[in-house]
Amino acid sequence: MAAQSLPRADTGSLLGDLTVNARLVAETLADPRQGRLFRAVIAAATCDESTAMALRRFYDVRLTEWSPCITDAVARGEVPAGTDPRAVLTAVSGPLYYRLLASGDPIDDAAARTAAETAAHAAAAGIFGRTGP
């Protein structure tokens with residue numbers, strides 16, 4: 001699945017890149033077939049180590065693919081040096097996965113935009129520094 005996923009965006013801004021990322025995650029999780037698949041794999045990963053390892057590999061590929069969005073933002077001066085790319089990207093996806101797995105709230109464009117904006121503002125404020133703000 002990771003190999004078939006769309007490559008990372010390069011919109012020229014951190015907020016633009018994170019918004020594209022959030023929309024891709026939201027579209028995937030909101031899709032009836034894909035959403036069920038992710039719920040099933042995540043549930044299986046809680047009690048089967050080989051499934052957990054496969055899931056971690058999937059997310060590692062995706063996080064590695066999208067990490068240059070944050071390093072590019074550092075180079076542009078949008079976020080401080082030392083910003084942890086994986087932490088920023090996790091902050092984008094986390095609220096969307098919470099909607100899928102816990103709250104049942106809609107996984108829509110508004111949720112995607114909010115997740116991206118929140119992560120971008122927190123990153124700019126230094127919240128995701130590898131040594132803290």
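What's counted below: heavy atoms across the whole structure, side chains too, no hydrogens, waters or symmetry copies. Note that this is a predicted model, so its numbers are computed, not measured.
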*Spell out, as yes or no, whether a donor-acceptor pair under 3.5 Å connects the side chain of Thr83 to the backbone of Pro80.*
yes

*To the nearest 0.5 angstrom, please state how far the CD1 atom of Ile107 sits from the CZ atom of Arg99.*
7.5 Å

*Identify the heavy atoms of Val92 and Ala119 that sit nearest to each other, and give their distance.*
CG2-CB, 3.5 Å

*asked:* Once ring pair (Phe, Tyr, Trp, His ring centres under 6.0 Å) is applied, do any residues pair with Tyr98, and if so which ones, sequence neighbours excluded?
replied: none

*Is the backbone N or O of Thr19 less than 3.5 Å from a side-chain atom of Arg23, with the two atoms forming a donor-acceptor pair by type?*
no

*Any side-chain heavy-atom pair from Leu101 and Arg39 closer than 4.5 angstrom?*
yes

*Do you know which two heavy atoms are closest between Ala9 and Trp66, and how far apart they sit?*
N-CH2, 3.2 Å

_I need the Ile70 CD1 to Asp17 CG distance, nearest 0.5 Å._
7.5 Å

*Relative to the ring of Tyr59, is the ring of Phe38 parallel (under 30°), tilted (30 to 60°) or perpendicular (over 60°)?*
tilted

*To the nearest 0.5 Å, tell me how far Leu37 CG sits from Asp31 CG.*
9.5 Å

*Just how far is it from atom CD1 of Ile127 to atom OG1 of Thr118, taken to the nearest 0.5 Å?*
12.0 Å

_Taking Phe128 as the starting point, is it possible to reach Leu63 by hopping between hydrophobic residues whose side chains are less than 4.5 Å apart?_
yes

*Give the C-alpha distance, both sets of side-chain angles, the deciding distance and a yes or no for side-chain contact (heavy atoms from CB on, under 4.5 Å) between Val41 and Arg36.*
CA-CA 9 Å; Val41 171; Arg36 283 193 303 273; over 6 Å; no

*Identify the two heavy atoms, one from Glu65 and one from Pro68, that lie closest to each other, and give their separation to 0.1 Å.*
O-CD, 3.3 Å

*For Leu89 and Ser67, work out which heavy atoms get closest and say how close.*
CD1-N, 3.7 Å

*Where the side chain of Arg76 meets the backbone of Gly12, is there a donor-acceptor pair that is under 3.5 Å apart?*
yes

*Inter-residue atom distance Glu49.CD - Arg56.CZ, 0.5 Å rounding*: 5.0 Å

*Considering non-hydrogen atoms only, spot the tightest contact between Ala45 and Leu55 and give its length.*
CB-CD2, 3.9 Å

_Residues Asn21, Ser93; criterion side-chain contact (heavy atoms from CB on, under 4.5 Å); working and verdict_ = CA-CA 8 Å; Asn21 178 274; Ser93 297; 4.2 Å; yes

*Lys/Arg N to Asp/Glu carboxylate O, Asp108 vs Arg113, below 4.0 Å*: no

*asked:* Which heavy atom of Leu14 sits nearest to which heavy atom of Glu78, and what is that distance?
replied: N-OE2, 3.0 Å

*Between atom CG of Leu96 and atom CG of Leu24, what is the distance when rounded to the nearest 0.5 Å?*
11.0 Å

